[in-house]
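Each remark here refers to the structure printed beneath this line.
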Amino acid sequence: MPALLEIKNLQIDFTSNDAVVRAVDGVSLSIAAGETLCVVGESGCGKTATALSIARLLPSPPAIYSGGEILVEGVDVLKAPKAKVREIRGRVVSYVFQDASVSLNPVFQIGTQIKETLKLHRPEVANDDEVMRLLKLVGIPAPESRLKNYPHEMSGGMQQRVMIAMALASQPKLLIADEPTTALDVTIQAQILELLKDLKQRLGMSLLLITHNLGIVGEIADRVAVMYAGQIVEIAPGRDLLKRPLHPYTRALMGSVPKLGSDVDRLTAIPGTVPRPGNFPAGCRFYPRCPTAKPECAEAMPELVEVEPNRWLRCLYRVA
């Protein structure tokens with residue numbers, strides 16, 4: 001079966017102060033129909049830029065699509081005419097953006113905002129009944145009384161459910177959720193993740209979940225792609241990666257997740273910060289922060305290679 005989404009060697013540059021810097025460098029990913037892929041990494045690794053490029057949502061300029069392909073149902077959105085890309089947006093690929101409190105329009109009622117999406121993609125059902133069905137689908141109680149609510153009249157968890165309802169209004173085949181649990185408390189985070197998992201199964205969608213927290217992917221991800229400094233450094237089935245991470249960066253991310261019941265004075269942190277685009281080090285981009293780095297890591301750029309069936313790694317020295 002052909003992949004629903006296939007990204008091949010994607011390269012994205014940004015213009016800044018008359019300079020051109022590369023933020024996404026040679027990213028290759030695929031998502032099959034009905035699959036959940038989690039993309040994990042610290043802030044500044046290129047996760048959101050990669051996700052927005054799938055429906056060509058990055059403003060250009062400053063973004064420049066310098067190379068590669070993004071195939072959505074076999075159509076390269078980087079080369080397709082604007083009319084074709086508009087067809088793909090919403091009907092094939094839909095988004096739940098970061099922080100619902102700023103993504104929703106504060107001056108319009110939520111019913112109006114969801115209905116606007118319906119008018120664009122499914123005008124034949126752009127009515128209150130369909131809006132209420134969508135609100136009920138995402139677990140909002142008494143949807144008939146919520147139609148006239150403004151975003152500020154709802155909790156953060158309810159706002160996020162509204163965002164998911166808007167994304168589902170167009171009946172997409174691929175739902176991209178970018179940090180959907182940001183700014184929510186732990187209990188609500190778990191509810192939103194469980195909702196996404198349930199909706200994906202009920203509606204037969206594919207799901208691309210972007211997060212910086214490896215601790216939330218164990219129960220939802222079929223596969224996990226770990227990003228660092230604009231590159232994919234490891235791809236593996238979700239449970240395999242959590243049981244036996246191979247890349248030092250993946251191990252460091254897992255080591256920084258707090259463990260329930262552990263008696264420690266300080267939480268573990270990865271030393272240093274993600275390098276800014278334009279200041280990536282030569283050789284392996286993680287070596288300045290890597291606890292197992294060797295001198296040659298500073299010189300040779302490792303390739304992403306398949307080291308085991310369905311496991312890909314970008315490292316000169318495979319971690320046992």
Arg314 side, atom CZ; Leu304 side, atom CG - distance, nearest 0.5 Å = 5.0 Å
Supply the atom-to-atom distance Ser66 OG to Phe14 CZ, rounded to the nearest 0.5 angstrom.
-> 10.0 Å
Between Tyr95 and Ala51, is there a donor-acceptor pair closer than 3.5 Å when you use the side chain of the first and the backbone of the second?
-> yes
More than 12 heavy atoms of other residues, nucleotides or ligands under 6.0 Å from CD of Glu116: is that the case?
-> no
Do the charged groups of Lys197 and Glu194 touch, with an N to O distance under 4.0 Å?
-> no
Any donor-acceptor pair under 3.5 Å from Ser256 side chain to Ala269 backbone | no
Taking only residues two or more places apart in sequence, or in another chain, which ones meet Val20 in a side chain to side chain contact (heavy atoms under 4.5 Å, CB included)?
-> Asp13, Thr15
Identify, with sequence neighbours excluded, every residue that meets side chain to side chain contact (heavy atoms under 4.5 Å, CB included) alongside Thr187.
-> Asp185, Gln191
Which hydrophobic side chains are connected to Phe108, either touching it within the sub-4.5 Å cutoff or through other members that do?
-> Val107
CA sep, side-chain torsions, deciding dist, call: Met254, Leu242, side-chain contact (heavy atoms from CB on, under 4.5 Å) | CA-CA 8 Å; Met254 291 185 61; Leu242 294 180; 4.2 Å; yes
Please list every donor-acceptor pair under 3.5 Å in which a side-chain atom of residues 134-152 meets a protein atom from a residue at least two apart or in another chain.
from, atom 1, to, atom 2, distance (Å)
Ser145, OG, Ala142, O, 2.8
Arg146, NH1, Asn149, OD1, 3.1

Rounded distance [0.5 Å steps], CD1 in Ile235 versus CE in Met227 = 10.0 Å
Would you mind listing every side chain to side chain donor-acceptor pair (under 3.5 Å) that reaches into residues 117-126, with sequence neighbours excluded?
-> Arg122-Glu130
What pairs with Asp129 under side chain to side chain contact (heavy atoms under 4.5 Å, CB included), at least two apart in sequence or on another chain?
-> Asn127, Met132
Is the shortest heavy-atom distance from the side chain of Leu10 to the side chain of Ile70 under 4.5 Å?
-> yes
Test: Asp25 and Arg285 ion pair at under 4.0 Å | yes
